[in-house]
Structures are given as structure tokens and as C-alpha cells.
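I have placed the structure first, in the form of C-alpha cells, so that the comments after it can refer back to it.
First the proteins, then the strands, lettered A, B, ... as listed; each starts at 1. Hydrogens, waters and symmetry mates play no part in the numbers below; they use all other heavy atoms, side chains included.
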Number of protein chains: 2
Amino acid sequence: MDQRVKKKATIYDLSVLSGSSPSTVSAVLNGTWRKRRIKESTAQTILGLAELHQYTTNLQARGLRRSRSGLVGLMLPVHDNRYFSSMAQTFEGHVRSRGQCPVVVSASRDPEEERRTAETLISYSIDQLFIVGATDPDGVHEVCELAGLRHINIDLPGTKAHSVISDNYQGARMLTEAIIRRFGNDDPLRPDELFLFGGRNDHASRERIAAFHATKKALLGADPDDGVQSSGYSPDITLRAFEAFYQCRGKLPRALFINSSINMEGLLRFMAGRPAEMFSELVVGCYDYDPFGSFLPFPVIMVRQNVEAMITKAFELIDEPPTAPHTFLIAPELIQPRSALKGPLDTLKDIA
Amino acid sequence: MDQRVKKKATIYDLSVLSGSSPSTVSAVLNGTWRKRRIKESTAQTILGLAELHQYTTNLQARGLRRSRSGLVGLMLPVHDNRYFSSMAQTFEGHVRSRGQCPVVVSASRDPEEERRTAETLISYSIDQLFIVGATDPDGVHEVCELAGLRHINIDLPGTKAHSVISDNYQGARMLTEAIIRRFGNDDPLRPDELFLFGGRNDHASRERIAAFHATKKALLGADPDDGVQSSGYSPDITLRAFEAFYQCRGKLPRALFINSSINMEGLLRFMAGRPAEMFSELVVGCYDYDPFGSFLPFPVIMVRQNVEAMITKAFELIDEPPTAPHTFLIAPELIQPRSALKGPLDTLKDIA
DNA sequence: AGTTTCTGCACCATCGATTGTGCAAGCGAA
DNA sequence: TTCGCTTGCACAATCGATGGTGCAGAAACT
């Protein structure tokens with residue numbers, strides 16, 4: 001009875017021990033026993049035995065029978081980033097509070113990997129899939145659709161399922177404006193002194209770049225065409241973009257719009273080894289919030305996407321009866337330099 | 001045939017279509033068909049049909065039968081932190097390269113939650129569990145042991161299973177030394193000017209604190225008893241510790257040893273709203289690495305734990321036949337201020 | 001021709017839980 | 001006493017894949 005590594009108890013074991021049938025045991029243990037008119041005392045007996053023998057449901061068996069698993073998937077581009085990891089943290093909280101089990105995986109922004117990952121999750125009969133920042137949301141949709149899996153896009157929109165995304169245009173507008181206004185009237189920013197680094201050809205980048213251009217034009221009167229240096233979502237490519245810029249012009253712009261914290265890491269790589277004074281006059285706007293990024297030696301204005309609101313909205317939508325795909329915008333928030341905001345961790349129990 | 005949301009094809013469907021038995025189909029699809037002496041041509045037929053009908057294995061069914069799932073679990077304290085999220089990123093790479101599916105979940109440093117989480121994962125018949133930074137590793141061990149689940153501790157050691165952890169003592173020694181040496185001989189640091197913030201009563205904190213004391217004593221000749229302000233792993237408690245300290249002494253210490261990046265966020269919260277000049281002379285050592293943290297306006301010396309080495313070692317150990325529990329130390333690395341290091345993301349394909 | 005050895009596959013029990021259905025015993029009413 | 005209803009549960013099919021075993025027919029050998 002107390003041997004190490006004993007087999008786990010099953011409903012059949014409890015059935016023998018209790019003298020009831022497996023189906024009765026099953027009903028008692030999964031809570032449907034009142035509906036099946038099982039006597040209270042029978043239920044108590046079985047529950048007692050279950051406790052005693054440390055019974056736990058084999059969720060694979062249940063999943064096989066019910067053809068759902070109780071697993072809820074979150075597919076991220078990458079883990080190693082405060083934006084996405086706070087997404088994971090928030091997501092977990094929601095899933096847990098629904099009594100399900102979160103499964104967080106990353107797919108490296110690779111369309112092929114994204115589809116494979118979705119397929120794997122489907123093979124485990126996950127109940128729902130939240131697709132965050134996918135490079136090819138519609139490709140993933142295809143896979144989910146075939147399997148009849150409820151899914152929703154977050155952060156980057158698709159055309160075939162609901163999407164909940166940051167209001168990138170407004171966010172970028174606010175950010176560009178804040179960067180420009182940061183310079184006083186005595187020495188105002190010139191249009192050719194503000195550059196955008198990062199981004200690629202995705203919806204978020206396009207919106208941000210459009211807002212960047214429009215706001216520059218509106219506030220600075222002009223907007224030279226070369227104001228944007230695409231460099232994907234890679235620190236190293238961004239580093240090279242900065243190096244190329246620097247080589248070419250002999251200096252950095254006075255002000256930068258950086259498309260994401262990942263690109264911001266490219267700026268850090270550029271800064272490493274160069275004198276701090278080189279950057280003392282710099283003003284940076286970054287479309288993402290990172291508490292440490294907010295305290296760099298130069299002013300960094302950041303945009304915090306409202307992760308909590310996005311996840312909440314996504315959970316609402318995913319449960320609703322399906323309608324024509326729609327994209328929901330969630331307003332992000334402008335964060336002044338030197339701000340240390342609370343995050344999902346702050347809701348955890350504090351233990352000193 | 002092309003209806004939306006058709007049921008997924010099973011081996012039975014393919015069995016009918018191909019005229020072979022389900023077991024033959026199964027063998028062909030899971031690759032054991034040569035061992036079962038299935039004719040090449042039969043196999044090809046079935047593979048062709050599988051392709052045609054987009055067959056994918058129902059992994060819950062397989063898992064039920066084989067009583068393993070192909071899932072490998074990683075249990076983190078929290079997601080929203082560069083140390084743990086880089087752990088997740090690295091872990092994923094390893095699991096994927098073994099053809100299994102990573103499942104990353106967090107358990108909030110709550111012993112109860114840790115055990116529940118382990119139990120849930122066990123109910124899904126995960127194959128292995130990597131337990132990172134658990135508050136009660138031995139409690140989790142108990143649960144795993146009962147289920148015969150292979151598991152290993154990372155970051156915080158347990159006494160009942162192998163552990164792979166950072167060499168906290170050496171790391172803290174290096175860090176303390178680097179902080180002290182940062183001050184020149186003309187205005188050397190006094191013992192009562194260096195304080196440690198953060199940490200609680202766990203193995204890592206104890207080791208670090210011990211090394212902190214020892215190194216202070218060795219290099220500064222003395223070590224007043226009140227040099228340590230425990231504040232758990234919570235930004236807010238750390239904030240309050242700084243506020244209390246400041247209230248009491250009217251200033252911050254000249255030098256700080258901060259126990260983790262989470263505690264470091266407490267310092268950020270303290271900085272927010274206070275003038276930057278207040279911190280211009282500060283020297284900080286932080287036991288954790290965060291690229292943005294490395295570029296704060298004052299020198300921040302960081303310790304980077306070798307996540308890749310830890311995970312690699314853990315994978316080696318978890319596959320080995322079990323022996324008496326042993327703790328393996330992995331040397332961390334001292335990172336000079338203003339360093340932007342490569343991380344797990346840099347191994348991904350760069351797409352501009 | 002008779003016997004042994006391969007080939008190539010089918011059969012069937014099994015993993016553990018779920019759920020539609022059936023049915024006996026008990027009870028009240030007619 | 002008989003009919004009908006309720007109570008309390010057991011039976012058995014099912015989810016999809018796996019793998020041990022057995023067996024017919026062909027090939028090889030004596």
C-alpha cells in the first residue's frame with residue numbers, strides 16, 4: 001500500500017474497494033453524481049476512498065473520451081521579453097481561475113513553426129488557443145479551423161479570426177508627439193533629427209510607422225523619406241542598423257523612435273563600449289514598456305500595451321458564438337521616463 | 001471530404017480506406033512498421049492516405065496507451081522576469097530538439113500551488129519535470145516520486161532529487177568584491193556603506209548573504225551586522241525596505257548588493273519620482289542579469305547565471321539512472337556595467 | 001512430398017474515464 | 001393486488017492508439 005512508485009489508483013481500483021461500479025465511481029469523482037441520482041452515502045464512501053488512496057483523475061483518459069483536454073494554449077513568438085512574458089503571466093492567471101491548465105509555448109516568429117506548434121497542441125486536444133504576435137495568423141487559423149479549435153489573435157491581427165491588438169496607430173502617435181514635445185521651443189527638434197528603428201512588414205509596424213510619419217509631418221511640418229530603418233525583431237540586426245547609420249552620418253539622431261524593446265536591445269548593444277556621453281543628449285521613445293528601460297541615462301518615453309485588458313478581452317471573445325472576424329483595439333498607455341510600474345507579479349502573494 | 005470542421009481522421013478511417021487493419025496503420029504511422037514486418041508498398045499506401053487526409057496522431061490516445069505523453073514540464077516561479085523567461089526559452093529549444101513538447105507553467109513561489117501544479121502535470125502523464133526556483137522542492141519531489149516521474153531541481157536545490165544551481169557563493173563573492181573594488185583607494189568604501197537588499201530564507205539567498213558577509217570582512221576588515229535587509233522576492237516589499245532605510249538614515253548607502261532583478265525593480269520604484277542626482281554616486285551590484293538593468297545611470301555590476309549550462313546539465317542528469325541526490329554548481333559570470341549580452345533569442349532566425 | 005522458416009499482416013486486449021441506457025427494488029396510489 | 005413512478009445504481013459502448021500474439025501462405029530446405 002505504501003510501496004514507492006505504486007501505480008496510481010484508477011476508478012476501477014476504487015470500484016473494487018467500494019463495491020460500486022466504475023461508472024458510479026466516475027460520476028462521484030467528476031461531480032456529476034447528483035445528476036445520476038447516486039446516494040449521498042455512496043458518494044461519501046467513494047470520496048473517502050479516493051482521498052485515502054490519493055486518487056487523481058487521469059486527464060489523458062478523460063481528454064480522450066471527452067475530446068477536450070482542459071488545456072488552454074498560448075502561443076508566443078518568444079518568451080524572453082518582458083512584453084510577452086507578462087502576457088504569459090497574465091494569461092496563466094486567467095486560465096487558472098477557470099480551473100484549466102495553461103500551456104505556454106513559443107514559435108519563434110516562424111510561420112512554419114507556428115503551424116506545427118498549433119498542430120501539436122491540437123493533437124493534445126487543447127480547448128482553446130491564444131495566438132500572440134504570430135507572423136502568419138491566418139496560416140495558424142487554417143490549422144485551427146480544420147480541427148474546430150476556438151482561437152483568437154492577439155497583438156498581431158489576422159483576417160480570419162477575431163483579433164485583439166494594441167491601438168498601434170494611436171500609441172505611436174502619442175509616442176512620436178511626446179518625443180517631439182520633449183524638446184523645448186528654444187531648440188526644437190528638426191524633422192531630420194528623428195528616426196524610427198526596428199519593425200518589419202507586419203501590421204503593428206506598419207501602423208506605427210504610418211503614425212510616426214503622420215505625426216512628424218503634423219508637428220514638424222516635414223518628414224524626410226529616410227526616417228525609417230527597418231530591422232525586424234532582432235537585436236543584432238538593429239545593432240547593425242545603428243552602426244550603419246553612425247558610420248554614414250558620424251552621429252546618432254537626436255531622437256529615436258524604437259519599435260519594440262527587442263530593437264531597444266539593439267541600441268544597448270550599440271551603446272556598449274561607446275562612451276556614455278555619446279548618448280547624454282539622446283531622447284528615445286520605445287514602443288514597449290520595460291521597467292529597467294525606463295531608467296536609462298537618457299529620457300526614454302515608453303508605451304505600455306495594456307496586456308491585462310487585451311487578455312481579458314480575448315477571453316471574452318473566445319467564448320462567444322463566432323461572428324465575422326473583427327479586430328478590437330486596446331488603447332496603450334504612454335509612460336513617462338523613470339517610471340516603475342506594477343506588473344502581473346504584484347498580484348502574487350508577497351512573501352518576505 | 002472538404003467540409004469545414006470535419007472530424008479528424010483516425011487510424012480506423014485509414015484502415016478502412018487502405019484495406020489494412022488498424023494495427024498495421026498504427027505501426028506504419030508511428031514508424032515501427034519495419035519491426036512489424038509490414039511490406040514497403042503497404043506502408044507507402046498508408047502514408048499516402050495519411051498525407052491525403054491530413055492525418056495527425058491523437059496524442060491523448062497515444063499518451064493514454066503508452067502512459068506517457070511526450071510532454072516535458074518546466075515549472076517556474078514566475079514568467080515575468082528575464083532570468084526565468086530566458087530559462088523558458090532555453091528549455092524550449094532543448095525539448096523541441098528532442099521531438100517533445102514543452103509545457104511551461106508558473107507556480108508563484110507558493111508551496112501549495114507548486115504541488116498542485118505538479119499534480120496537474122502528472123495527470124497529463126508528462127514525461128519529465130524540471131522544477132525551477134521552487135520554494136518547496138522536496139514537497140514537489142514527494143508528488144513526483146509517488147507518480148514515478150523523473151524530475152530535477154534547478155536554481156534552488158532540494159535534498160531528495162538532483163539539483164543544478166548557480167554557484168551562489170562564488171557569484172556573490174565576485175559581485176561583492178567587484179562592488180568594493182569599484183571604489184578607488186582615494187575614497188574607499190567603508191563597511192557601513194555597503195548593504196544587501198532582497199532575498200529571503202532560501203538556499204540561494206543564504207549562500208549569497210554568507211559570501212557577502214565573508215567578502216566584506218575580508219576586503220573591508222569589518223562587517224556590521226545590519227548590512228542585510230531581507231525583502232523577499234517582491235518589488236513592493238523591497239521598495240518599502242528602501243523607504244524605511246531612507247527614512248531612518250536620511251540617505252541611501254553608497255553601494256548596494258541587490259539580491260535579484262526582482263528586488264532591483266524595488267529600487268526602481270524607489271527611484272521613481274526622486275531626482276536622478278540622488279543616485280548619481282551609487283554603485284550597485286545585482287545578482288541577476290538584465291540588459292536594460294546594465295545601462296542604468298549609475299554603474300550596475302551584474303551576475304549572469306549560466307542558464308544554458310544549467311539546462312544542459314539538467315537534461316543530462318534527468319536521463320541518467322538515478323543515484324543519490326547531488327547538487328551541481330554552475331559557475332555564473334560577472335558582467336561589467338553597460339554590457340549588452342546575447343541571449344537565447346539570438347539563436348533564432350533573424351528576419352528583417 | 002513433408003517439414004521448417006519467413007513474410008506479412010490481422011486480432012484483440014488494453015490504457016482510464018465518460019455517458020446513454022436499462023433495470024430491479026421500493027413505495028405510494030388505485 | 002397491481003400499476004406506475006421514483007430511486008439508485010450497473011452495464012456496456014466508446015474515445016484512438018498500441019503491441020503481444022497468432023496464423024495463413026509462400027519460400028526454403030531435406
Nucleotide nearest B:R65 when distance is taken to its side chain, options C:dG16, C:dC15, D:dC9
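The answer is C:dC15, which lies nearest to the side chain.
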Pairwise distance CG(A:L59) to CZ(A:R68) - rounded to 0.5 angstrom
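A:L59 CG to A:R68 CZ: 12.0 Å, rounded to 0.5 Å.
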Could you list by number each residue of residues 117-125 of chain B showing a heavy-atom separation from DNA chain C of less than 4.0 Å, or answer none if no residue does?
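Those residues: none at all.
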Sugar-phosphate atoms are those with a prime plus P, OP1 and OP2; base atoms are the rest. Using that split, label each nucleotide of nucleotides 21-27 of chain C B, S or - for protein heavy atoms under 4.0 Å, 5' to 3'.
B------
Whole angstrom value for the distance that separates [atom2] of [N] from [atom1] of [X]:
X: B:I11; N: D:dT18; atom1: CD1; atom2: P; result: 7 Å
X: A:K35; N: C:dT18; atom1: NZ; atom2: C1'; result: 11 Å
X: B:W33; N: C:dA10; atom1: CH2; atom2: P; result: 15 Å
X: A:R62; N: C:dC15; atom1: CZ; atom2: C1'; result: 16 Å
X: B:R34; N: C:dT7; atom1: CZ; atom2: P; result: 14 Å
X: A:Q60; N: D:dA17; atom1: CD; atom2: C1'; result: 12 Å
X: A:L14; N: D:dA10; atom1: CG; atom2: P; result: 13 Å
X: A:L59; N: C:dA17; atom1: CG; atom2: C1'; result: 10 Å

Inspect the contact between [Y] and [X] and indicate whether a charged nitrogen and a carboxylate oxygen are less than 4.0 angstrom apart.
X: A:K160; Y: A:E142; answer: yes
X: A:E316; Y: A:K313; answer: yes
X: A:D127; Y: A:R98; answer: no
X: B:R96; Y: A:E113; answer: yes
X: B:R34; Y: B:E40; answer: yes

Is the B:F91 ring parallel, tilted or perpendicular to the B:F130 ring (thresholds 30°, 60°)?
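Ring orientation, 0 to 90° scale: perpendicular.
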Just say parallel, tilted or perpendicular for the rings of A:H162 and A:F328, cut-offs at 30° and 60°.
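Perpendicular: the ring planes of A:H162 and A:F328 meet at over 60°.
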Do the side-chain N or O atoms of [X] get closer than 4.0 angstrom to the phosphate oxygens (OP1, OP2) of [N]?
X: A:T42; N: D:dC9; value: yes
X: B:N30; N: D:dT18; value: yes
X: B:S23; N: D:dT18; value: no
X: B:S26; N: D:dT18; value: yes
X: A:S21; N: D:dA10; value: yes
X: A:S67; N: D:dC15; value: no

Pick the closest DNA chain C nucleotide for A:R68 and for A:L64 by heavy atoms, then say which residue is nearer the 5' end.
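With A:R68 and A:L64 compared, the 5'-side residue is A:L64.
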Just do the side chain to side chain contact (heavy atoms under 4.5 Å, CB included) check on B:D155 and B:F84 with the steps written out, would you?
CA-CA 10 Å; B:D155 187 54; B:F84 295 125; 4.1 Å; yes
If you take atom types as modelled and just measure distance, does the side chain of A:R66 reach the base of C:dT18 with a donor-acceptor pair under 3.5 Å?
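There is none.
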If you assign each of B:L29 and A:Y12 to its closest nucleotide in DNA chain D, which residue comes earlier from the 5' end?
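Taking each residue's closest nucleotide, the earlier one in sequence belongs to A:Y12.
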For A:T32, which contact category applies under a 4.0 Å heavy-atom criterion: base, sugar-phosphate, or nothing?
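No contact.
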If you measure only the distance, is there a donor-acceptor pair under 3.5 Å linking the side chains of A:E92 and B:H79?
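B:H79 and A:E92 do have a side-chain donor-acceptor pair below 3.5 Å.
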